[in-house]
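Lettering of chains follows the sequences in order, A, B, ..., and the numbering in each one begins at 1. Side-chain atoms are counted along with the backbone in the values below, which use heavy atoms only and exclude waters and symmetry mates.
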2 protein chains.
Amino acid sequence: MEDSNRRRRASRHTVTIQDIADRAGVSTATVSRTLANPEFVSVKSRVRVLRAVTETGYTPNVAARNLRARRSMKILVVVPNLANPFFAEVLRGIDDELAGAGYDMIIGNLDNLAEREARYVKLAMSGQVDGVLNLTGRVPKGDGRSMAELGLPMAGICAIVPGQNSPHVVVNDRAVSVSVAEHLLGLGHRRFGYISGPAGNINEIERHAGFLDGLRAAGIDGKAVVRWPGAFNLGSGIAAARDFLRRGDRPTAVYAASDEMAIAFMKTLLTAGLEVPGDVSIVGFDGIEFAELVEPTLTTVRQPRHNLGRMGARALLDEIAGTGSGARIIEMPATLIVGDSTAPPRAERPSRAPAKTAVPSEATGGEKRR
Amino acid sequence: MEDSNRRRRASRHTVTIQDIADRAGVSTATVSRTLANPEFVSVKSRVRVLRAVTETGYTPNVAARNLRARRSMKILVVVPNLANPFFAEVLRGIDDELAGAGYDMIIGNLDNLAEREARYVKLAMSGQVDGVLNLTGRVPKGDGRSMAELGLPMAGICAIVPGQNSPHVVVNDRAVSVSVAEHLLGLGHRRFGYISGPAGNINEIERHAGFLDGLRAAGIDGKAVVRWPGAFNLGSGIAAARDFLRRGDRPTAVYAASDEMAIAFMKTLLTAGLEVPGDVSIVGFDGIEFAELVEPTLTTVRQPRHNLGRMGARALLDEIAGTGSGARIIEMPATLIVGDSTAPPRAERPSRAPAKTAVPSEATGGEKRR
DNA sequence: CCCTAAAATGTAATCGATTACAAACTGGTC
DNA sequence: GACCAGTTTGTAATCGATTACATTTTAGGG
């Protein structure tokens, strides 16, 4: 009976280092050394230990090892919305880099809900991860505690969180948004709309500011730009389109702060019988793969998604290793990709540039798709 | 100097249960009890402990707790391809369910590369997760060891892995693929193409078999169906389209085993100047959000993505709790959603059904989009 | 055969919690 | 004041590894 009990518990993860030690007739220390530093172990014990290991199928309990070593070999990745294909690709980049260093990813998906942050602050507090990669553009907090005050190595991707003493890997949202404005102005547009990200979001603020900066340089008042609230998701694009259709004074060009919003906006207009780019020109942001697959293909700002992830992960690994330099900003290039969703407005003549031509800016040169 | 050393190490996660015990003038046992079972602790010690906890900001080290409890409160989710929006949504469902039970997700992304399986077999072996959710339709293996022989609680989502003694949450790929065939036959199509999933993939096999079954019932030989190899991704759709364009004997209707392939296939044909559904009707599989956003909207098989995730996670939690029933199959409904990408072939007259009408089958009734 | 340095091994502390068990304390009753 | 039952608390083992330090073994030289 006692034996059957033991066997039941054995079903999971029973062979321990002690079992191997007994089997091989050595101490646990020798077993551990054989596995970690075989050069310090005599050939004789080495083979005995190794045989015991293969015979039993022993695998060290990593949880125990990590407790001893005060590390977990796990990274918490806090992501605003897992369903957004932009982030999915960034995650792939992160994972590629982490895998090389032996780290695994725990995904902290917020689903765009700030109240979910607390769960991951708790996770980070309790010593279950060695570092945090933050893709949210804000400092996650909860239970009165902020993730910043944990003293855990962190790195930010996609957005610079002000006042954070940690590296950030970003694109220059503002500068490339100026290029967007210049591109649309160059096509001859004069009445603009903007579909925003969530209020307070840093990327949103920068993209909006850059767009208005660009327009202002051409003498267009920011107040004249129609602004639809959004949350980077498909629903926001649809809602913006519904309002657009109700209006008398329709903009001829709309900049959406994400591709998902741009695509949903465009589709809703097309379904309503409008033409793109004939009636409206549309520009997105992110450069997700589907931007090239919609009809017409979307003009968008392409971010180096995979590399944002890789570089962010690398920066975090440096912080963990202690070789990082704390706060610093790594800027990756973003590129305006001109698709078929932008053209001169129907009534007017193009003022400078012909349709479908990239407008380079000092920050990021435009580039023809393909 | 000793003190400065202590302080340096303190930077991360220093305050331990012993510190609290000292501060409150009680033993570690009392601290632990205060936090877990306060009813067994006198009010006097309780307040002293609690005060010490708030003063120091103590958080229990979960790694240590888990070592003692022989669990990790983490689930490994093995996913074929994180960038596929279908899986992203399943993951959200999984996370919603796991969160309620206090579990966190470690993502095992294979990027469609079988050689990456070994990494996660190792992870699962080493006692770092309490269970595995497998979305891959096969048993991950590596280093000569298969994930099945680990004795870890497992559950499969999306595909039934033969011979596995674990629950599986799936849709009936085969039955709904018969409906796809019936829908296309009903529109009058007689020449068909099929873009497949990866060779050997179970979903692929079932979808292909169901499609051919449906065609065979109408007297169409499976050998007459053009079959393009694919891997569920965008590239496969493009490749298939390139071959399609080269052919003389073009099918009039193409069934793609995933939406991504269908969308890429469609876009490539449109770009080449063909009309959809005028020249070719196209059907996808999965029901990702972008299927509704492409032009024309895609006819596709909608899977209950979020619920597949939820139910799979729930089944796994049952297995972990010991209340599961081992092998069993939970079938969720899949629905053929008729979009604008299917219509009667141009030359022929429709034989039975008019265009854009759902063809119900005994397995899954068709349903008009919206 | 002894001595010494180098090599190999073992002992036991440690990581930070939980918990069985024993011990100490409390209050009430006679 | 003794006794008992019920509370409360502390001691120490435990989870499964790693590793500093001590100890033993080995090899080689004289």
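- Taking atom CG of residue A/Asn37 and atom P of nucleotide D/dA17, one finds them 16 Å apart after rounding to whole Å.
- Across the protein-nucleic acid pair, B/Leu35 atom CG and C/dG16 atom P stand 16 Å apart, rounded to whole Å.
- For the pair A/Asn66 CG and C/dG16 P, the interatomic distance rounds to 13 Å; values are reported in whole Å.
- Residues satisfying the salt bridge (Lys or Arg N to Asp or Glu O under 4.0 Å) test with A/Arg314, not counting sequence neighbours, are A/Glu97.
- Distance B/Asp22 CG to C/dG16 P: 13 Å, rounded to the nearest Å.
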Can you tabulate the close N/O pairs, meaning under 3.5 Å, that link protein atoms to atoms of nucleotides 4-11 of chain D?
residue	atom	partner	partner atom	Å
D/dT8	O3'	B/Ser42	OG	3.4
D/dT9	OP1	B/Ser42	OG	2.6
D/dT9	OP1	B/Ser45	OG	2.2
D/dT9	OP2	B/Ser42	N	3.0
D/dT9	OP2	B/Ser42	OG	3.4
D/dT9	OP2	B/Ser45	OG	3.1
D/dG10	OP2	B/Ser27	N	2.8
D/dG10	OP2	B/Ser27	OG	3.2
D/dG10	OP2	B/Thr30	OG1	2.8
D/dG10	N7	B/Arg33	NH2	2.9
D/dG10	O6	B/Arg33	NH1	3.2

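- In this structure, A/Arg65 atom CZ and D/dG16 atom P are separated by 14 Å, rounded to whole Å.
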Contacts table for residues 100-108 of chain A: side-chain donor-acceptor under 3.5 angstrom, sequence neighbours left out:
residue	atom	partner	partner atom	Å
A/Asp104	OD1	B/Arg119	NE	3.4
A/Asp104	OD1	B/Arg119	NH2	3.1

Identify every side-chain donor-acceptor pair in residues 149-168 of chain B under 3.5 Å, counting partners at least two apart or on other chains, and give the distances.
residue	atom	partner	partner atom	Å
B/Asn165	OD1	B/Ala327	N	3.2
B/His168	ND1	B/Ala159	O	3.3
B/His168	NE2	B/Ser166	O	3.3

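- Look at CG on A/Asn61: it is 18 Å from P on C/dC15, rounded to the nearest Å.
- For the salt bridge (charged side-chain N to carboxylate O under 4.0 Å, His left out) condition, the pairs that include at least one residue of residues 17-44 of chain B, sequence neighbours left out, are B/Arg23-B/Glu55.
- The side-chain contact (heavy atoms from CB on, under 4.5 Å) search around B/Ser325 returns B/Arg328, not counting sequence neighbours.
- Atom-to-atom, CD1 of B/Ile17 to P of C/dT19 comes out at 11 Å; the value is rounded to the nearest Å.
- For C/dT14, the OP1/OP2 oxygens have no side-chain nitrogen or oxygen of A/Arg70 closer than 4.0 Å.
- Across D/dT19, C/dC15, C/dA17, the shortest atom-to-atom separation from the side chain of B/Pro60 is found for C/dA17.
- Distance CG (B/Leu67) to P (D/dT14): 14 Å, rounded to an integer number of Å.
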